[in-house]
2 protein chains.
Amino acid sequence: MDDRLSKVFAALADPTRRDLVARLTRADATVGELAEPYPISVQAVSKHLKVLEDAGLVTKARQAQRRPVHLEAEVFDLMTAWIERYRRQAEERYSRLDAVLADLNATDNPTEGIAS
Amino acid sequence: MDDRLSKVFAALADPTRRDLVARLTRADATVGELAEPYPISVQAVSKHLKVLEDAGLVTKARQAQRRPVHLEAEVFDLMTAWIERYRRQAEERYSRLDAVLADLNATDNPTEGIAS
DNA sequence: TCAATCATCAACCAAACGGTTGACAACGCA
DNA sequence: TGCGTTGTCAACCGTTTGGTTGATGATTGA
């Protein structure tokens, strides 16, 4: 029972899957169309799409025998939220550190060791 | 020879490693300090840190026996760049689709099939 | 109806992953 | 000098992953 964010990051850790996502930003496509450019079997691509689907990055519709695949771009927000949260935290910390260093410098104390 | 982005996403796919990153946004810390809260061995945490290091998310300094670990927040930019690029592409596409649908609607044609 | 098409399921395989324990390297300090 | 502390290396183990091939399901079109 892995959490959502783990699945999303894991899904995008594979270059083929990142490429699938990239192509799906341009247009929906069937499994066969998506598989065509890669030197691997259709089954392998189908598995990749399942991983993307489980991560919520993609949905499949049914249209006769075909399964048009559609990108669910909202998931990007989940990642962006995580990244930006900690980026901001890190930046705040560096600002604080800068302030401390400036203060130390002003009062002429030597710096030492790492931040506690 | 895996590419950088793959390593970064793979590194962040593990909840323990995401937590390590989260904690490192607050302060640098030694391997031992970082390992303390988790129910796994120090060696396992050391391995996690190696993965983060290989992905460029983290660097280790040497200070006596200790190895203070430091977050390299710039890597966030790499992910953000990738995500935002395709998010933007997807949004542009949806705008185009909206335009097409509006046009079809205006000329009273039925919609059919998926975008080519 | 029935063959062709599109996609998935199932079984299998090798490699990678996340964890373990045990040994050892490097360093500071008493 | 030598001992305690901190961290990594090495070997191992079970599970997951990314691929394969072969069979099967589902649906359309002739």
Side-chain angles (χ1 to χ4, degrees), chain A residues 1-21 23-24 27-55 57-70 112-114 116, chain B residues 1-21 23-24 27-55 57-70 112-114 116:
Chain A
M1 195 61 73
D2 220 4
D3 69 300
R4 182 74 179 284
L5 209 41
S6 293
K7 284 186 182 175
V8 173
F9 280 125
L12 295 177
D14 184 279
T16 300
R17 286 193 297 256
R18 276 205 308 284
D19 192 59
L20 286 167
V21 168
R23 291 171 59 204
L24 286 168
D28 291 358
T30 66
V31 177
E33 288 166 354
L34 289 170
E36 198 275 323
Y38 309 117
I40 59 177
S41 65
V42 172
Q43 289 95 319
V45 173
S46 185
K47 276 192 188 181
H48 279 310
L49 289 170
K50 190 151 179 293
V51 172
L52 290 172
E53 197 174 15
D54 288 348
L57 276 157
V58 129
T59 54
K60 286 181 208 145
R62 15 190 52 219
Q63 184 179 286
Q65 314 94 316
R66 270 158 249 132
R67 304 277 187 290
V69 180
H70 175 77
E112 65 176 79
I114 62 171
S116 64
Chain B
M1 193 63 74
D2 218 5
D3 69 301
R4 183 72 178 285
L5 209 41
S6 293
K7 283 186 182 174
V8 173
F9 280 126
L12 294 177
D14 184 279
T16 300
R17 288 193 295 257
R18 276 205 308 284
D19 192 59
L20 286 168
V21 168
R23 290 170 60 204
L24 285 167
D28 291 358
T30 66
V31 177
E33 288 166 354
L34 289 170
E36 199 274 323
Y38 309 116
I40 58 176
S41 66
V42 172
Q43 289 95 321
V45 173
S46 184
K47 276 193 188 180
H48 279 309
L49 289 170
K50 190 152 180 296
V51 173
L52 291 171
E53 198 175 14
D54 288 349
L57 276 156
V58 130
T59 54
K60 286 181 208 144
R62 14 191 55 219
Q63 185 179 285
Q65 313 94 319
R66 266 159 250 131
R67 304 278 188 291
V69 180
H70 175 78
E112 65 177 78
I114 61 169
S116 65

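Treat the numbers as computed from the prediction; the structure is a model and nothing was measured. Numbers restart at 1 for each chain; the letters A, B, ... are given by sequence-line order, proteins then strands.
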Nearest-angstrom distance from the residue atom CG of B:L52 to C1' of C:dG18: 14 Å

Residue B:A44, side-chain atoms from C-beta onward, closest of C:dG19, C:dT8, D:dT8: C:dG19

Length of the line joining B:Q63:CD and C:dC29:P, which is rounded to integer Å: 12 Å

Donor-acceptor pair, side chain of A:R18 and main chain of A:L12, under 3.5 angstrom: yes

Distance, rounded to the nearest Å, where B:Y38 contributes OH and C:dG19 contributes P: 11 Å

N/O (side chain, A:H48) to phosphate O (OP1/OP2, D:dT17) under 4.0 Å: no

D:dG18 phosphate, OP1 or OP2, under 4.0 Å from A:R17 side-chain N/O: yes

Atom pair distance, as rounded to whole Å: CD in A:Q65 and C1' in D:dT24: 15 Å

Phosphate-side-chain proximity, B:K47 and D:dC9, N/O vs OP1/OP2 below 4.0 Å: no

Nucleotide of C:dT8, C:dG19, D:dT8 approaching B:V31 most closely (side-chain heavy atoms): D:dT8

Donor-acceptor pair under 3.5 Å, B:Q43 side chain vs C:dG18 base: no

Rounded interatomic separation in angstrom, taking CZ from A:F9 and C1' from C:dC17: 19 Å

Under-4.0 Å side-chain N/O to phosphate OP1/OP2 contact, A:S46 with C:dA7: no

Between D:dG19 (P) and A:K50 (NZ): distance, integer Å: 15 Å

Length of the CG-C1' vector between A:L49 and C:dC6, whole Å: 13 Å

side-chain N/O A:S41 vs D:dT20 OP1/OP2, d < 4.0 Å: yes

Phosphate OP1/OP2 of D:dT6: any B:R62 side-chain N/O under 4.0 Å: no

pair B:L52-B:L49: side-chain heavy atoms closer than 4.5 Å: yes

Between NZ on residue A:K60 and NE2 on residue A:H70, distance to nearest 0.5 Å: 14.0 Å

Phosphate-side-chain proximity, B:K60 and D:dT8, N/O vs OP1/OP2 below 4.0 Å: yes

Euclidean distance, atom CD1 of residue B:I40 to atom C1' of D:dG7 [Å, nearest integer]: 15 Å

Side-chain touch B:Y38/B:H48, heavy atoms, less than 4.5 angstrom: no

Close side-chain approach of A:V58 and A:L20, heavy atoms under 4.5 Å: no

